[in-house]
**Student:** 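Right, I'll just put the structure down here and ask away after.
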Amino acid sequence: MPMAKAHTHGAGDHRRSTALNLLLRGTSASAAVSLLAEQEQISRRQAQRYVREGYEQIRVDIESCGVERTHQVAKLVHILESTIVLALENKQCAAAVGAAREIRELTGLSADR
């Protein structure tokens, strides 16, 4: 039976930093969990915790620097629209639909009237 790596405070900091960097590079949450679990030889559950902490750090950073929600939503909508174009060019309809749904959620267009 393989020996589990000993967890030290430094290892936790390294894993948090790795998870955060993966997210900041645009890696999806599920891909970040898989990569972190593989690279650090930890369970997916542990990797999920570090990725969650990474998302929380991003949220705190955005709130603390005073980014206006309108500007952030506009940027995200632009990225999602670009994603739709690329998805359709590559005949990936499901990805285009997913991006369109995200736009609908972000802009509040899915709210009940």
**Student:** Around atom CZ of R59, are there more than 12 heavy atoms of other residues, nucleotides or ligands at under 6.0 Å?
**Tutor:** yes

**Student:** Of all the heavy-atom pairs spanning I84 and A99, show the shortest one and how long it is.
**Tutor:** CG1-CB, 3.5 Å

**Student:** Passes side-chain contact (heavy atoms from CB on, under 4.5 Å), H14 versus E40? Steps please.
**Tutor:** CA-CA 9 Å; H14 171 74; E40 298 295 319; 3.0 Å; yes

**Student:** How far apart are the C-alpha atoms of R16 and L20, what are their side-chain angles, what is the distance that settles it, and do they pass the side-chain contact (heavy atoms from CB on, under 4.5 Å) test?
**Tutor:** CA-CA 6 Å; R16 280 182 201 84; L20 179 60; over 6 Å; no

**Student:** Quick check for you: to the nearest 0.5 Å, what is the distance between L80 atom CG and R101 atom CZ?
**Tutor:**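 It is 13.5 Å, given to the nearest 0.5 Å.
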
**Student:** Distance check, rounded to the nearest 0.5 Å: E81 atom CD versus L86 atom CG?
**Tutor:**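 Separation between the atoms: 12.5 Å.
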
**Student:** Is there a path of hydrophobic side-chain contacts, each under 4.5 Å between heavy atoms, that joins V33 and Y55?
**Tutor:**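 Yes: a chain of side-chain contacts under 4.5 Å links V33 to Y55.
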
**Student:** Do you know the tightest heavy-atom contact between G54 and L23?
**Tutor:**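 Taking every non-hydrogen atom into account, C-CD1, 3.8 Å.
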
**Student:** Is a side-chain donor or acceptor of S17 paired with a backbone partner of D13 at a separation under 3.5 angstrom?
**Tutor:**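 Absent.
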
**Student:** Which atom names give the shortest non-hydrogen contact between L36 and R15, and what distance separates them?
**Tutor:** CD1-O, 4.0 Å

**Student:** Would the number of heavy atoms belonging to other residues, nucleotides or ligands and lying under 6.0 Å from CD of E56 be above 12?
**Tutor:** yes

**Student:** If hydrophobic clusters are built by linking Ile, Leu, Val, Met, Phe, Trp and Tyr wherever their side-chain heavy atoms come under 4.5 Å apart, do I103 and L76 end up in the same one?
**Tutor:**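 Same cluster.
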
**Student:** Nearest 0.5 Å, please: how far is CD in E102 from CG in L106?
**Tutor:** 6.5 Å

**Student:** Could you check if a side-chain atom of R49 sits within less than 4.5 angstrom of a side-chain atom of E53, using non-hydrogen atoms only?
**Tutor:** yes

**Student:** Answer yes if V73 and I79 sit in the same cluster of Ile, Leu, Val, Met, Phe, Trp and Tyr residues linked by side chain heavy atoms under 4.5 Å apart, and no otherwise.
**Tutor:**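 The answer is no; the residues belong to distinct hydrophobic clusters.
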
**Student:** Taking side-chain hydrogen bond (donor to acceptor under 3.5 Å, both in side chains) as the test, write out the residues that go with T107, two or more places apart.
**Tutor:** none

